[in-house]
Amino acid sequence: MPTLSPTPLPRSFYEPSAKIVAPKLLGHLLLRRTPGGGWAGGVIVETEAYLANDPACHGFRRETLRNRSMYGPPGRAYVYFIYGNYFCFNAVCAPERVAEAVLIRAIEPTFGEEWMRMNRPVREQRDRTSGPAKLCLALDIRREHDARDLCDVNTGLIIAHNEHRRRFINQHKPVITTTRIGISVAEDLPLRFYLEKSAFVSKR
DNA sequence: TAAGTGATGCAT
DNA sequence: TGCATCACTTAA
């Protein structure tokens, strides 16, 4: 499973449209450096794509203070605050000035589980990271992580190559493609992707 | 199933 | 300046 010295996915990985990148992120690793100096996080099992010509995308209308990082270069974080309580984490895709991103909706915890349990002490392990705001709580991802470079291991928030990705996907396939959750426009687009056999998928 | 939560951004 | 909206979660 693990990599003590993780290798971030390269920036070129995020240059295509989010609709291409979203399914390709399944099986890779969302990782956060802990105060203790180790890594916490796990395998991405559910994603959604938000596109430049997509009314549900925060960057659909124009650049604002909130969505600024979506308009920046690919391979950075877009973290936004929602419902007065929660943060959600995205990986910015597509070239600069093209506002696209992939929302990470769920991960399977594999590293730093003790630290995540402290951050989000719920009874059931599968409730720890089975939702976009849940995983931000477990990994203590906040406003200050917005715009952070996911390709630079020194920023402490990365998406890393999973050398066991193929095996993980084989064990958790098939990949299901369906409509996105919690939106009120463009509800019919097939832009949500998840691994059918993962217990951490937020909703079926 | 519904309420809580407050920043955001569009309309005024 | 005001106010509806919101890529969610939790407790019922």
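Given the structure is predicted, the values throughout are model-derived calculations rather than measurements. Per chain, numbering begins at 1; letters A, B, ... match sequence-line order.
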TODO: Any chance you could lay out the salt bridge (Lys or Arg N to Asp or Glu O under 4.0 Å) test for Arg105(A) and Glu48(A), step after step, and finish with the verdict?
DONE: CA-CA 7 Å; Arg105(A) 288 197 57 93; Glu48(A) 284 179 358; 3.8 Å; yes
Open item on the list: Please determine whether salt bridge (Lys or Arg N to Asp or Glu O under 4.0 Å) holds for the pair Arg120(A) and Asp140(A), giving the CA-CA distance in whole Å, both sets of side-chain angles, and the decisive distance to 0.1 Å.
Closed with: CA-CA 9 Å; Arg120(A) 183 171 161 74; Asp140(A) 194 30; over 6 Å; no
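A 3.5 Å limit on both hydrogen-bonding distances identifies no Watson-Crick or G-U partner for dA7(C).
No cation-pi contact links Arg142(A) to Phe89(A), judged by a cut-off of 6.0 Å to the six-membered ring centre and 45° from its axis.
Within the 4.0 angstrom heavy-atom criterion, only backbone atoms of the sugar-phosphate kind lie near Ser184(A); the bases stay farther away. Within 4.0 Å (heavy atoms only), Ala56(A) reaches at least one base atom of the nucleic acid.
More than 12 heavy atoms of other residues, nucleotides or ligands sit less than 6.0 Å from atom CZ of Arg148(A). Under a cut-off of 6.0 angstrom, the local environment of CD in Glu144(A) is crowded, with over 12 non-hydrogen atoms contributed by other residues, nucleotides or ligands.
The distance between atom OH of Tyr80(A) and atom P of dT5(C), rounded to the nearest whole Å, is 18 Å. At whole-Å resolution of the value, CZ in Arg123(A) and C1' in dA11(C) are 15 Å apart. The NZ-C1' distance, from Lys134(A) to dC8(C), rounds to 9 Å in whole Å. Rounded to whole Å, atom P of dT10(C) lies 14 Å from atom CZ of Arg126(A). Computed from coordinates, the Glu48(A) CD to dC8(C) C1' distance equals 12 Å when rounded to whole Å. In this structure, CG of Asp127(A) is placed 14 Å from C1' of dC8(C), rounded to the nearest angstrom. Summarising the geometry, the separation between CZ on Arg128(A) and P on dT9(C) is reported as 15 Å, rounded to the nearest angstrom. Rounded to whole Å, atom P of dA7(C) lies 16 Å from atom CG of Asp146(A).
Looking at which nucleotide of DNA chain C each of Leu137(A) and Ile183(A) is closest to, the 5′-most match is held by Ile183(A). Taking the nucleotide of DNA chain C with the nearest heavy atom to each of Arg120(A) and His58(A), the more 5' of the two is matched to His58(A).
Between the side chains of Ser198(A) and Glu108(A), at least one donor-acceptor pair of N or O atoms lies under 3.5 Å. Side-chain contact check for Asp149(A) and Thr155(A): no donor-acceptor pair (N or O, by modelled atom type) lies under 3.5 Å.
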Open item on the list: Treating primed atoms plus P, OP1 and OP2 as sugar-phosphate and everything else as base, which nucleotides of nucleotides 1-9 of chain B get B, S or - for protein heavy atoms under 4.0 Å?
Closed with: ---BBBSSS
